[in-house]
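Here the structure is laid out as structure tokens; the discussion comes afterwards.
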Amino acid sequence: MNGFDETDAFEAAIPLSQRAMAARPQPYLDDLNPAQRAAVLALDGPVLMLAGAGTGKTKALTSRIVHLLATGKARPNEILAVTFTNKAAREMKERVARMLGQSVEGMPWMGTFHSISVKILRRHAELAGLKSNFTILDTDDQLRLMKQLIVAANIDEKRWPARMLAGLIDSWKNRAWTPAKVPSSEASAYNNRGTELYQQYQDRLRALNACDFGDLLLHVVTLFQAHPDILAQYQRWLKYILVDEYQDTNVAQYLWLRLLAQAHRNICCVGDDDQSIYGWRGAEVGNILRFEKDFPGAEVVRLEQNYRSTEHILAAASGVISGNSDRLGKTLWTEAKGGEKVRLIGHWDGEEEARWIGDEVEALQRGSRSMEAQSLDHMAILVRASHQMRAFEDRFLTIGLPYRVIGGPRFYERLEIRDAMAYFRLAVSPDDDLAFERVVNTPKRGLGDKAQQEIQKTARASGMSLLEGARELLARGGIGGKGAGQLRAFVDGVDRWHAAILNARPEVADAVIEPMVPDAVPQSDMGHVRLAEVILEESGYTSMWQNDKTPEAAGRLENLKELVKALEQFDSLQGFLEHVSLIMENDTEEAAEKVTIMTLHGAKGLEFPVVFLPGWEDGLFPSQRSMNESGQKGLEEERRLAYVGITRAERLCTISFAANRRVYGQWQSQLPSRFIDELPVPHVDVLTPPGLYGGGYGAAGMGGGSRIEERATKADVYNSPGWRRLQDRSATRPISQPRESKQQVIDLDAVSSFTEGDRVFHTKFGYGTVAAIEGDKLDIAFDKAGVKKIIARFVVPAHEADDVPF
DNA sequence: TGCTTTTGCATTTTT
DNA sequence: TGCAAAAGCA
């Protein structure tokens with residue numbers, strides 16, 4: 001048992017001289033506005049800081065920490081400061097350090113819910129039925145485990161997918177329900193077998209000495225509930241609690257906090273109910289709405305002065321969010337007057353929208369608008385769903401506009417990285433069965449389903465790990481032919497690597513707590529880095545990719561190299577594994593200037609001078625699914641998402657929608673988002689239909705390039721049903737010209753305007769792609785009709801043809 | 001076992 | 001439409 005050695009966290013060196021701090025003047029207070037100062041000064045008792053977008057919440061939060069230290073109310077190791085993301089935790093650390101003028105190594109309780117939970121849980125693992133060196137499973141492992149249970153339970157995995165079970169169990173854990181506590185109202189979940197499988201899953205996890213993410217919080221909560229003495233110790237230690245993004249807490253996190261805070265009640269929650277956008281993953285807006293009831297006598301401070309956006313942008317955002325009920329209510333204001341109104345523009349279809357935004361980005365980059373030239377880094381396109389990104393990527397690729405997509409696959413989620421990590425896990429703990437399964441036949445060792453099932457059976461029969469099972473199977477010759485030799489080599493390899501780890505650092509044999517984030521100087525022994533290379537070499541994993549001739553192989557080897565390099569910053573393999581299981585991020589900040597494309601969710605907490613918000617169409621945004629599944633609640637969350645989107649913009653915010661959009665390959669006519677009607681008219685500029693300048697088919701300047709500057713004089717144009725206007729537009733928009741002249745336009749430009757790869761439409765053959773060009777004849781690969789040779793003037797660019805009948 | 005064809009499906013995502 | 005996973009085939 002490793003009870004309270006009181007080593008790292010509690011007895012950590014306290015780098016600050018309390019007396020010096022207390023005597024020092026407090027210049028950080030002068031930097032704050034009255035509301036911020038009030039939030040900082042109210043150190044004792046419960047405080048709810050309602051911080052609107054861009055109101056300097058992090059500043060207030062960090063000042064508060066500094067103030068706690070400066071007044072001597074708390075020592076650095078007595079402050080619990082919780083965030084959701086590692087990024088937020090890092091930022092807070094950096095800012096506190098900067099304000100103090102020294103490092104925050106003495107603040108061990110500043111981190112994410114999960115990282116702090118791990119720290120607590122490792123100390124008391126045995127009380128949760130685990131060993132302190134438990135592993136943290138990733139989603140992959142989780143699903144694999146559940147699949148096994150589902151198969152074992154004779155459930156048709158088609159009808160009841162593992163994903164569904166995973167989601168269900170996750171939602172239960174978010175509500176802090178252990179299997180025993182799942183209410184009977186949930187009994188019908190997952191074909192009536194949800195609770196049963198949940199129990200089995202937890203049993204399996206315990207047997208594997210593993211946790212999933214939900215467990216980290218859940219175990220801590222149940223631990224605190226079952227052991228008041230332990231809870232009391234933490235309550236005594238953690239005198240002051242600060243919580244960021246409180247509106248995003250789920251029930252488990254809420255209980256976690258309440259348990260820790262209930263003794264001294266020095267809890268300061270910072271959040272914005274209007275920015276609660278994670279209800280679908282368990283966040284309870286109710287937590288923040290209920291704060292004053294939970295903590296009677298709480299001081300509520302509103303930060304409403306906004307330092308980010310222009311008044312028009314704020315007014316537009318306020319107008320939209322005011323449509324929600326159940327708000328705590330805030331009114332953002334700014335001293336900055338003037339600026340551009342929020343721009344609103346409708347487009348014919350999604351492609352045109354992408355084209356127009358691309359052109360706008362370029363115009364802004366050149367500085368040809370009323371704004372000085374803007375770096376691409378200052379511009380962002382924020383979409384509701386990631387599939388919307390494609391249109392922009394396509395367009396930006398064709399015009400050569402550098403962009404970055406945030407939210408792609410992460411480094412640590414890549415196949416090769418997970419494989420390599422599984423090898424490391426196996427080396428660290430050879431009884432990690434999930435890791436074993438993952439790599440026992442990667443690279444191919446001739447161990448197919450049959451051989452693996454034999455191993456499983458042997459292991460299960462004598463209740464040992466898969467590695468031991470394999471060992472025994474080999475010993476009694478239960479496995480034949482070529483697989484045997486390779487399995488032998490694999491088992492020996494794992495033994496060797498494990499021995500190497502024990503050798504290098506004998507003291508970690510029983511998994512003493514490793515520092516969570518290994519700061520600063522790595523130890524001089526390069527043992528584990530070399531060992532990692534050796535593992536990848538000896539296992540044949542590296543050569544597997546070297547022999548692979550697919551185009552991705554080179555990249556994968558690169559990634560592996562990067563992984564090994566990342567190891568250098570840690571002082572052991574297990575320290576690294578711990579870090580990675582909690583920190584799944586890839587923040588490769590590239591130097592080159594690029595426009596950012598990301599989801600609205602991903603944009604929370606960020607800001608950009610110029611923001612584009614495309615796809616404001618009912619069904620897409622607000623998302624139909626959200627409304628179907630969660631009704632009014634869903635709609636309100638979507639509205640908050642709109643609010644988040646608008647408030648990301650500092651100076652220029654452009655909202656757009658398209659009349660037609662291809663949804664799963666089908667053309668659909670779209671209605672402008674209902675949120676558009678909620679934009680307050682005086683703060684919106686309605687742009688008339690865009691001209692086509694530099695558009696696709698070589699007709700630069702043709703359609704009257706300056707049309708873009710025209711603005712509707714009647715601001716309420718968009719109050720009329722938007723789609724009617726769009727119908728009108730379909731008749732008058734410059735590029736289509738009056739119908740009769742269309743043919744002529746094509747005649748003039750057909751030959752030069754098509755290039756290979758263009759999408760075209762033919763009245764008889766339908767849609768196709770230009771495969772080759774010979775003079776005025778095109779080889780076109782039609783989607784339905786095969787390849788045909790067509791005279792150019794008989795086809796039109798595909799987007800020209802998309803006059804969807806109303 | 002590995003490749004090709006077919007089918008089914010399709011928000012938002014952190015830890 | 002386009003992708004990923006599963007079935008089907010050599």
Side-chain angles (χ1 to χ4, degrees), chain A residues 82-89 111-118 136-139 142-143 147 157-159 161-163 167 170 173-174 211-218 245 248-250 252-253 276-283 350 382-391 394 406-410 412-413 441 443-451 482-483 516 550 578-586 598-605 615 619-630 634 637-638 640-642 644-645 661-668 759 767 769 783-784 798:
Chain A
V82 214
T83 62
F84 274 84
T85 65
N86 292 295
K87 195 172 158 220
T112 62
F113 277 102
H114 294 269
S115 69
I116 291 168
S117 295
V118 171
I136 301 163
L137 298 193
D138 57 38
T139 329
Q142 251 182 79
L143 278 173
K147 265 184 198 156
E157 217 217 301
K158 284 273 154 49
R159 292 191 52 199
R163 292 211 151 278
D170 197 48
K173 286 185 177 174
N174 285 340
C211 270
D212 63 20
F213 283 116
D215 283 338
L216 296 177
L217 290 152
L218 181 57
E245 305 281 18
D248 287 340
T249 49
N250 59 34
Q253 286 154 342
S276 163
I277 54 174
Y278 285 109
W280 51 275
R281 67 176 197 212
L382 309 180
V383 297
R384 172 69 247 261
S386 46
H387 63 77
Q388 292 171 260
M389 295 176 179
R390 194 201 194 97
D394 285 353
I406 310 279
R410 298 140 199 270
Y412 289 109
E413 279 172 5
N441 200 31
K444 298 279 175 277
R445 296 196 174 86
L447 300 162
D449 276 353
K450 214 174 53 193
K482 63 171 182 171
M516 198 116 23
T550 55
E578 173 82 285
H579 175 80
V580 168
S581 58
L582 286 171
I583 302 181
M584 302 282 263
E585 64 186 24
N586 55 340
M598 68 197 307
T599 63
L600 287 162
H601 284 92
K604 193 169 82 150
L620 184 58
F621 186 46
S623 127
Q624 192 58 52
R625 190 152 165 187
S626 188
M627 292 188 291
N628 291 347
E629 282 172 13
S630 316
E637 183 154 311
E638 296 285 306
R640 291 192 290 266
L641 208 42
V644 168
R661 200 173 284 277
R662 207 163 20 189
V663 182
Y664 306 139
Q666 302 287 94
W667 280 100
Q668 257 182 24
R759 293 287 294 162
Y767 290 94
T769 305
D783 300 349
K784 297 271 158 60

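Here the structure is a predicted model, which is why all the values come from computation and not from measurement. Just so we're on the same page: letters track the sequence lines, and every chain starts at 1.
- Rounded to an integer number of Å, the gap from A:His114 NE2 to B:dT15 P is 8 Å.
- Rounded to whole angstrom, the span from the CD1 atom of A:Ile277 across to the P atom of B:dT11 amounts to 17 Å.
- A:Leu620 places its CG atom 9 Å from the C1' atom of B:dT11, with the value rounded to the nearest Å.
- Heavy-atom distances to DNA chain B give each of A:Gly446 and A:Ser626 a nearest nucleotide, and the one nearer the 5′ end belongs to A:Gly446.
- Using a 4.0 Å heavy-atom cutoff across all strands shown, A:Ser623 reaches at least one base atom of the nucleic acid.
- Among the nucleotides B:dT15, B:dT12, B:dA10, the one closest to any side-chain atom of A:Thr85 is B:dT15.
- Among the nucleotides B:dT13, C:dT1, C:dA7, the one closest to any side-chain atom of A:Lys158 is C:dA7.
- Between A:Gly645 and A:Leu600, the shortest heavy-atom distance links the atoms CA-CD2, 3.6 Å.
- Not one side-chain nitrogen or oxygen of A:Arg163 sits closer than 4.0 Å to the OP1 or OP2 atom of B:dA10.
- Summarising the geometry, atom CG belonging to A:Leu218 is positioned 11.5 Å from atom CD belonging to A:Gln253; distances are rounded to the nearest 0.5 Å.
- When Watson-Crick and G-U wobble pairs are counted only if both distances are under 3.5 Å, B:dT14 pairs with no nucleotide at all.
- Going from atom CD of A:Glu637 over to atom P of B:dT11 covers 16 Å, rounded to whole Å.
- When heavy atoms are screened at a 4.0 angstrom cut-off, A:Arg640 is found touching no nucleic acid atom at all.
- The interatomic distance linking A:Gln253 (CD) with B:dT15 (C1') rounds to 9 Å, in whole Å.
- Between the P atoms of C:dA4 and B:dT11, the separation comes to 13 Å (whole Å).
- Closest approach to the A:Thr599 side chain among B:dA10, B:dT15, B:dT13 is made by B:dT13 (side chain taken as heavy atoms from C-beta onward).
- For A:Gln666 (side chain) and A:Val663 (main-chain N/O), no donor-acceptor pair under 3.5 Å exists by modelled atom type.
- Distances shown here put a side-chain N or O of A:Ser386 below 4.0 Å from the OP1 or OP2 atom of B:dT12.
- Considering only side-chain N and O atoms, A:Asn86 lies under 4.0 angstrom from the phosphate OP1 or OP2 of B:dT15.
- How far CG of A:Asn174 is from CZ of A:Arg281: 9.0 Å, rounded to the nearest 0.5 Å.
- Which of B:dT13, B:dT15, B:dT1 sits closest to the side chain of A:Lys444 comes down to B:dT1.
- Put simply, A:Trp280 rests on the base of B:dT12: the two rings are less than 5.5 Å apart at their centres and nearly parallel, under 30°.
- Nearest to the side chain of A:Asn441, among B:dT13, B:dT11, B:dT1, sits B:dT1.
- Here the side chain of A:Ala385 is nearest to one of B:dT11, C:dA7, B:dT1, namely B:dT11.
- Between the P atoms of B:dT12 and C:dA5, the separation comes to 16 Å (whole Å).
- The CZ atom of A:Phe84 sits 13 Å away from the P atom of B:dT14 (whole-angstrom rounding).
- Using cut-offs of 30° and 60° on the angle between ring planes, the pair A:His114 and A:Phe213 is perpendicular.
- Taken from CG in A:Leu382 to CD in A:Gln388, the straight-line distance is 10.5 Å, to the nearest 0.5 Å.
- On a pure distance criterion of 3.5 Å, a polar donor-acceptor pair joins the side chain of A:Arg384 and the base of B:dT12.
- As rounded to whole Å, 12 Å separates atom C1' of B:dT14 from atom NE2 of A:His601.
- A:Glu638 comes within 4.0 angstrom of a nucleotide base, judged by non-hydrogen atoms across all strands.
- One atom, CZ of A:Phe113, and another, P of B:dT15, lie 13 Å apart when rounded to the nearest Å.
- Ring orientation note: the planes of A:Trp280 and A:His601 are nearly perpendicular, at an angle over 60° on the 30°/60° scale.
- If you check B:dT12, B:dT15, B:dT11 against the side chain of A:Thr112, the one that comes closest is B:dT15.
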